[in-house]
Structure formats: C-alpha cells, structure tokens
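What follows is one structure encoded as structure tokens, with my remarks underneath.
Below, chains carry the letters A, B, ... as their sequence lines are ordered, and counting in each starts from 1. We use all heavy atoms of the structure for the numbers below, so side chains are in, but hydrogens, waters and symmetry mates are not.
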Amino acid sequence: MAKRTPSIDTKNLTAVQLMELDSCTRCGECVKWCPTYAASGQKPGLAPRDKILRWKQYMNKSYGIKAKLFGPEEIPQSELEEFKDDVHGCTTCGICGTVCESGINTVELWEAMRANLVKKGIGPYGKQSMFPKLIGQYHNPYMKDQKDRLAWVPKDVKIENKADIVYFTGCTAGYNQLSLAFATSRVLNKLGIPFAMLGEEEWCCGSALIRTGQAHINDLPREIAKHNVEAIQKKGAKKVVFACAGCFRAAKVDWPRLLGKELPFEVIHITEFLAGLIKQDKIKWVKPINKTITYHDPCHLGRHVGVYDAPRYVLSHIPGVKFVEMDRVKEFQRCCGAGGGVKAGIPDLALGVAESRVKDALATDSDILSSACPFCKRNLSDGRDSLKVDLVVEDVIELVAEALGLSTEVPKAA
Amino acid sequence: MAYFSGLSDVLRITFVQIMILSTIAIVIFLYGMMINFQKWGAGVTGYGLEPQEGTKGSAIRFLKTWWKQVTEESHHGHGKPILEVLILDIMFQRRILKRSPLRWFMHFTIFAGWMTLFALSGMMFAVEMTEKIGIELPFTPAEFRDILSIPNYIFGYVLLIGVIIAIVRRLFVSEVREASIMYDWTLIGVVFLVTISGFVADGIRTGIIWNFGLDPASAPPAALFHSVISLLFCIAYIPYSKYIHIIATPLAILANKGGE
Ligand code: HEM
Ligand code: SF4
Ligand code: SF4
Ligand code: SF4
C-alpha cells in the first residue's frame with residue numbers, strides 16, 4: 001500500500017515551476033521542434049511534453065488530492081531512473097520554451113529536475129558524473145594542467161598584464177580548439193586592442209556542472225564564479241570578451257545568479273565586440289573570402305541570451321562573403337546537439353543531432369558552415385565527418401582572422 | 001443558451017436546489033484549488049533552493065513565489081511589460097497564434113464564447129437575485145432573458161464552432177489523435193457536452209432548431225440538466241482536470257513575462 005513519505009521531493013523545483021507542470025496544455029509544439037526527440041528516432045520519453053506529464057503525475061501521486069486523503073503513492077525507483085535518462089537526453093537548447101504556447105520556461109525546468117534527481121542519487125548520466133571531480137580538482141573538465149592554460153600562446157601574440165579588456169578563453173578553446181584561441185588573440189592584437197588573460201587563474205566557467213544538475217555538489221559553480229570574478233577584477237578589466245557561447249551564457253546568466261549580485265564588469269561576446277568595431281569603421285579588411293557562408297546560432301548565445309544579429313553583421317561585412325541563411329535560424333534554430341552535457345553523456349545522440357544540422361547547411365549549398373562557439377564547431381565537424389560530406393566548419397572568429405590576413409593554423413608541435 | 005431560471009412558482013424548489021448545488025460546486029472548486037496551491041506551494045521559493053525540513057506545501061508560499069517572479073527583472077532579458085502580456089498573450093493568446101492560426105481560431109472561439117456566456121449567465125443570475133430580494137428593475141427577468149438571447153445565441157455558436165474544430169482535429173488528425181490522452185479528451189468532451197446541452201435546453205423551450213422534436217414540457221428538466229453539468233463541470237471540475245489550464249496557463253505566462 002501507500003508509503004508514508006512521497007517518492008519524490010521538491011528540491012530545486014520552485015513553486016512556479018510546479019505550477020508550470022499544470023499549465024502545459026499538451027499542444028505538442030515542443031515535440032515538433034525538439035532536436036533530440038527527432039534525432040533519437042522519436043523516442044517517446046524524450047518528448048518535452050511527455051517529461052512534463054510524467055513529473056506532473058509524480059507530483060500528483062506525491063502531493064495531489066489522493067495523496068492528501070490516502071497517503072502518497074509510491075513511484076518505483078526504476079521509473080525515476082528511466083526518467084533521469086530521458087531528462088538528460090536534452091541539450092538544454094531551449095526551443096521547446098520558445099515555441100511553448102503556455103510560455104513555460106522549460107530549460108530551467110529540465111535543469112531543476114536534473115538537480116532534484118541528482119540530489120536523490122539518481123543521475124547524472126554516464127560520464128557527466130565525472131564533471132564535479134574533474135572540474136573541482138583540475139579546474140577544467142579535460143584533466144589538463146592549469147599551468148598550461150597559456151601554453152598555446154604563440155610568440156607573436158602580445159598579452160598585457162593588466163588591461164581594460166580580458167579575453168576569457170574557456171577550456172574548449174584553450175585546450176582543444178586552439179585555432180579559435182589563435183584567431184581571437186591575433187585579431188585583437190591586429191586591431192590594436194590591448195587585452196589581458198587570466199592564465200592559471202582562469203577556471204572552467206562551471207556551465208557543464210550547472211547544465212547537468214550538479215551545481216550543488218560542493219557548491220563548485222559558486223566557488224568558480226567567485227574565483228573568476230575576482231581574478232578578472234585583479235586584471236583591472238571593465239569588459240570581458242568571450243568567444244565560447246557556453247562560457248558566455250554562464251558568465252552572463254549563471255554567475256550573477258550564483259553570486260546574488262551583478263558582475264562588476266561588462267561581459268560581451270566576441271561577435272558583439274567586433275560588430276561594434278565594424279560600426280565605428282575600425283576594421284580594415286585585408287583579404288576577401290569569396291565563399292558562400294551560412295551561420296548556425298549556438299543555443300547558448302542565441303535563444304539563451306538573445307545574440308542573433310552581431311555574428312550575422314560581422315559575417316556579412318567580410319568582403320567577398322555571400323551570406324545565406326539555412327532552415328531553422330535565430331530563435332527557431334536547430335541545436336547542434338552538443339550542449340547540456342549530451343556530448344559527454346550520450347555522444348551518439350549528439351552526433352545524430354549534429355548530422356541533422358549539417359544537412360540543413362548542405363541544403364543551402366554553402367561552402368562554409370560557421371558558428372560562434374568552440375563546442376558547436378567540434379560537434380558540427382563530427383557530424384560532417386560522419387556524413388562524409390564536403391563542408392568547411394569554421395568559427396566566425398576564424399573567418400575574421402582570415403579576412404584580416406592572420407593565420408589560425410595550429411603548429412604541429414603545440 | 002438559457003441560463004436556468006427559477007421564474008415561475010412551480011420552480012421555486014428548483015431554485016433552491018440550484019442554489020445548494022452552486023454552493024457545493026463552489027466548495028468543491030475551492031477545496032481543489034487549495035490542494036493545488038498547496039501542491040505548487042510545496043516547491044521552493046527561488047533558484048537552486050531546498051524546502052525546509054518538515055514544512056508542508058503552503059498556498060501562501062506559492063502566491064509569494066509567483067508574485068516575486070512576476071515583479072522581478074528576468075535574467076534572460078526576454079521579459080515583456082505586464083500590460084502587453086495581459087492583453088496580447090493572455091486575452092488574445094498570441095503564443096497560440098504564432099504557432100498555428102487554425103488552432104488559435106479554434107481556441108479563441110472557445111475562449112471568447114465561453115467567457116462571454118459565463119459573464120452573461122452571471123448577469124442573468126444577478127438580475128434574478130436583484131428581483132428576488134425585491135429591488136425594482138426597469139425590466140423583468142423574463143424580459144432580460146430575451147434581451148440576452150441574441151448575444152447568447154451568437155456566442156453559443158462561436159463556442160460551438162471552436163469546440164467542433166477541436167473535436168474534429170482530435171478525431172481525424174492522426175498525429176493529434178495518437179498523442180491524445182484521457183486528460184485531453186475529458187476537457188474537450190465536457191466543454192462539448194455543456195455546449196450541446198445548453199443548445200438543446202434552449203431549443204426545447206423555444207422550439208427553434210435544437211428541440212429534436214422534444215415536448216416543450218421537458219424544457220425545465222433539460223434546463224436543469226444543463227445548469228447542473230455547467231456548475232459541476234465548469235466550476236467544480238476545474239482544479240481536478242485539464243480545466244486547470246484556465247488558471248495555471250495565464251499564471252505561467254505572467255510569471256515568465258510572456259515567455260521566451
Ligand atoms: C487566458 C486563458 C487561457 C489560455 C492562455 C489558454 C491556453 C490554451 C492553450 C495554449 C491550449 C492549447 C491549444 C493548442 O492545442 O494549440 C489550450 C487548449 C484548450 N483550452 Fe485554453 N486557455 C485559456 C482559457 C481557456 C478557457 C476559458 C477555456 C474554456 C473552456 C479554454 C478551453 C480550452 C480547450 C477546450 C482546449 C483544448 C482544445 C483541444 O482539446 O484541442 N481555455 N488552452
Ligand atoms: S531544451 Fe531542446 S533538447 Fe531539451 S527538451 Fe527542449 S527542445 Fe528538446
Ligand atoms: S509546447 Fe508547452 S504547452 Fe505545448 S505541449 Fe509542450 S510544454 Fe506543453
Ligand atoms: S563552456 Fe565548456 S569549454 Fe567553456 S569554460 Fe565552460 S565547460 Fe569549459
């Protein structure tokens with residue numbers, strides 16, 4: 001019979017979020033747009049509408065009228081385990097929220113459900129559980145030595161000790177996608193903009209922990225936010241430039257929320273920064289790029305913080321570029337599949353979504369599929385490779401570097 | 001659609017019954033809403049928090065948390081002004097229109113028809129009560145009912161159009177049919193039942209179109225039936241069914257400032 005205590009609790013789920021479960025009208029829009037649901041061959045459990053329904057049922061079993069009168073109904077552990085798998089099969093891309101007819105803030109809901117379950121000892125998913133240990137110990141998720149944060153910096157790049165502008169590289173660009181770091185630093189140098197970097201003091205932004213429901217473990221993201229903000233302040237920065245959508249989102253939305261106060265400096269994405277310079281006519285292009293280029297909006301740059309125009313503005317101002325839009329752009333963008341811990345947790349799913357996105361680009365006959373996040377670049381490149389198609393995947397900043405006559409090639413030894 | 005009215009002396013008893021029934025319906029509604037508010041209020045008050053050990057869900061906590069979210073600035077910068085949200089997203093249901101004009105038409109006719117009939121019934125009720133307590137009005141309740149009959153018909157048909165579209169969609173669009181669960185069917189089924197019973201009750205009384213050859217003598221029980229199911233389904237049943245969206249959806253849209 002009924003158990004005395006409810007099988008689920010309400011940790012991390014706000015009163016408004018619990019109400020949102022009852023405001024879903026089951027219109028089905030989210031199901032139509034969800035990229036992981038589509039790429040999984042429409043696995044029913046991945047449909048956002050279904051996740052809402054299930055948690056609503058859990059709530060009713062635990063706190064609804066029957067539970068009030070006759071005691072809560074038990075939810076089998078296996079059901080919660082299965083739910084955990086489904087709620088992690090989500091890139092937190094946010095399109096379900098954009099199209100939701102009931103205006104539900106779905107991403108926050110998924111993240112709250114994840115954290116709620118992790119606190120119960122259910123989840124996260126697969127390798128995601130390594131994040132707190134790795135990021136706690138190494139301050140980056142790639143087990144690299146913090147001393148090597150600036151190991152990539154080529155001799156020609158000049159970094160100030162203190163400056164108004166700090167370039168926050170991010171782990172992915174700083175360790176694995178070096179050409180982005182080359183491009184960003186050389187472009188800033190070429191444009192005569194002095195900038196500092198945090199080096200050893202740059203800790204992973206914490207995005208991977210927050211997105212996968214592990215923010216509470218040792219309170220790491222808060223510690224990270226505090227550390228990074230202090231390190232940035234020590235450099236005397238008024239503005240922090242990001243070339244990684246994930247880090248940018250974390251700094252813009254998550255850090256202030258974790259710290260409970262506004263950041264003492266401005267955070268800005270490199271494409272916004274460059275668009276500003278182009279408007280002031282401060283960029284003298286050196287070399288045209290006579291290519292057709294399309295642009296993939298990173299979810300964490302577009303839908304999450306609303307930067308849609310700047311990257312397009314930059315691309316369309318590069319001489320020679322023929323800019324074309326593909327299907328599903330801006331707020332209706334189709335996710336690349338990497339975010340929300342899916343790349344680490346469920347790589348096959350990430351690859352499936354990436355393939356769909358590469359196909360969108362191929363349909364436009366573009367030569368180059370660009371984006372503005374090292375994570376997107378990595379996953380879109382993987383999608384292209386698995387489709388074995390002829391398409392260049394390059395970040396906007398790499399294209400800018402090329403048009404300024406700069407090399408982004410990573411020397412073999414590095 | 002006829003609001004059931006206890007006009008004649010013969011129907012005095014029915015009037016009392018209706019009053020009792022209304023009270024029961026309202027009590028069931030309030031009880032259910034309290035349970036819902038407490039269920040929602042079992043949630044935490046802000047990002048990343050945990051409920052305090054040993055506390056139970058509280059309606060006050062829900063209302064406070066909701067109000068805080070409505071009034072605070074949104075982190076994402078997507079927020080729209082509250083008045084715009086109220087008018088465009090809630091009254092006009094812009095979020096449905098953006099996704100599908102057909103579904104918007106379907107819902108808007110249901111919404112507008114329903115709300116108007118609800119208001120008209122309320123007015124009819126008010127007029128009757130005024131008369132009952134002996135205040136003189138420039139018209140009798142019977143005359144007032146005749147005045148209301150035109151808008152009643154118009155909005156009755158507006159509602160009916162929406163309901164029929166919704167049912168046809170659920171029955172014949174395979175994608176929608178397959179995804180439909182009992183929760184969906186009861187809402188639209190009940191709205192359909194209430195609408196049709198209203199037309200029939202009125203048709204029997206007036207003998208126009210919807211009487212199905214029934215004897216006008218069966219008008220009072222038909223009207224009574226319509227009143228009973230309206231009260232039970234449209235008020236009492238709200239907190240226990242998908243009807244809850246009438247309350248929860250506008251509250252969610254407001255809390256999220258119109259949504260992303
Ligand atoms: C301001 C308040 C309301 C909002 C924001 C709202 C929102 C919604 C939404 C978004 C849907 C899903 C539509 C779709 O499938 O695309 C829906 C369905 C529905 N709503 Fe409302 N609603 C409101 C008030 C009402 C009212 C007062 C009624 C009256 C009965 C009503 C009756 C229905 C019905 C019957 C459906 C289901 C249609 C179907 O089964 O396909 N709604 N509502
Ligand atoms: S956030 Fe994106 S991936 Fe996750 S459920 Fe919503 S649409 Fe699907
Ligand atoms: S889009 Fe929103 S209202 Fe529609 S089914 Fe999905 S969560 Fe529910
Ligand atoms: S977004 Fe990813 S790569 Fe960038 S700092 Fe965060 S965890 Fe590291």
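Using a 4.5 Å cut-off between heavy atoms, B:Ala255 touches chain A through its side chain atoms alone. Only the side chain of A:Ile210 comes within contact range of chain B, judged by heavy atoms closer than 4.5 Å. Proximity to chain A is absent for every atom of B:Phe37, based on heavy atoms less than 4.5 angstrom apart. Heavy atoms closer than 4.5 Å to chain A are found in both the backbone and the side chain of B:Leu251.
Panel note: side chain B:Thr249, backbone A:Ser23; a donor-acceptor pair is recorded below 3.5 Å. A:Arg26 places no side-chain N or O within donor-acceptor distance of the main-chain N or O of B:Ser180, the cut-off being under 3.5 Å.
Side-chain contact between B:Phe62 and A:Leu18: absent, with no pair of heavy atoms (C-beta onward) separated by less than 4.5 Å. At a threshold of 4.5 Å between non-hydrogen side-chain atoms, the residues A:Lys56 and B:Tyr183 count as touching. Between B:Lys39 and A:Ile65 there is no side-chain heavy-atom pair separated by less than 4.5 Å. You'll find the side chain of B:Glu175 reaches within 4.5 Å of the side chain of A:Lys32, heavy atoms only. A 4.5 Å side-chain heavy-atom check between B:Ile96 and A:Thr25 finds every atom pair outside the cut-off.
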(message) Let's go through A:Lys119 and B:Glu50 carefully: what are the C-alpha distance in whole Å and the side-chain angles of both, what is the deciding distance for side chain to side chain contact (heavy atoms under 4.5 Å, CB included) to 0.1 Å, and is it a yes or a no?
(response) CA-CA 10 Å; A:Lys119 284 183 174 175; B:Glu50 294 190 7; 2.8 Å; yes

(request) Go through A:Glu101 and B:Arg99 one step at a time and tell me if the salt bridge (charged side-chain N to carboxylate O under 4.0 Å, His left out) criterion holds. (result) CA-CA 8 Å; A:Glu101 291 185 0; B:Arg99 301 272 56 83; 6.0 Å; no

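Counting heavy-atom pairs closer than 4.5 Å to chain A, the top-ranked of the candidates B:Ala42, B:Gly259, B:Ala248, B:Gly48 is B:Ala248. Considering only heavy-atom pairs separated by less than 4.5 Å from chain B, the leading option among A:Gly64, A:Ala215, A:Gly28, A:Cys100 is A:Cys100. Chain A forms more heavy-atom pairs under 4.5 Å with one residue of B:Leu254, B:Asp184, B:Leu187 than with any other, namely B:Asp184. For the set B:His245, B:Gln93, B:Lys257, the entry with the most heavy-atom pairs within less than 4.5 Å of chain A is B:His245. Among A:Asp9, A:Thr106, A:Asn12, the residue making the largest number of heavy-atom pairs under 4.5 Å with chain B is A:Asn12. Top candidate by heavy-atom pairs under 4.5 Å with chain B, chosen from A:Val31, A:Leu13, A:Asn60, A:Asp50, is A:Leu13. Per-residue heavy-atom pair counts under 4.5 Å with chain B were compared for A:Lys11, A:Met19, A:Arg49, and the maximum is reached by A:Met19.
Within a 6.0 Å sphere centred on NZ of B:Lys80, heavy atoms belonging to other residues, nucleotides or ligands number more than 12. No more than 12 heavy atoms of other residues, nucleotides or ligands sit less than 6.0 Å from atom CZ of B:Phe192. For B:Ile60, the CD1 atom sits in a loose shell: 12 or fewer heavy atoms of surrounding residues, nucleotides or ligands are nearer than 6.0 Å. Within a 6.0 Å radius of CH2 in B:Trp67, other residues, nucleotides and ligands contribute 12 heavy atoms or fewer. With a 6.0 Å radius and a threshold of 12 heavy atoms from other residues, nucleotides or ligands, A:Lys68 has its NZ atom above the threshold. Heavy-atom contacts from other residues, nucleotides or ligands closer than 6.0 Å to OH of A:Tyr308 number more than 12.
Between A:Glu29 and B:Arg103 a salt bridge is recorded (basic side-chain N to carboxylate O distance below 4.0 Å).
Here the closest non-hydrogen pair linking B:Ala252 and A:Glu20 is CB-CG, 4.2 Å.
Summarising the geometry, atom CD belonging to B:Gln69 is positioned 7.5 Å from atom CG belonging to A:Asn105; distances are rounded to the nearest 0.5 Å. With rounding to the nearest 0.5 angstrom, the CG atom of A:Asp22 is 5.5 Å from the CH2 atom of B:Trp40. To the nearest 0.5 Å, atom CD1 of residue B:Ile35 and atom NZ of residue A:Lys66 are 13.0 Å apart. In this structure, OG in A:Ser102 is found 8.5 Å from CZ in B:Arg95, a value given to the nearest 0.5 Å. Atom CD1 of B:Ile244 sits about 12.0 Å away from atom CG of A:Leu21, to the nearest 0.5 Å.
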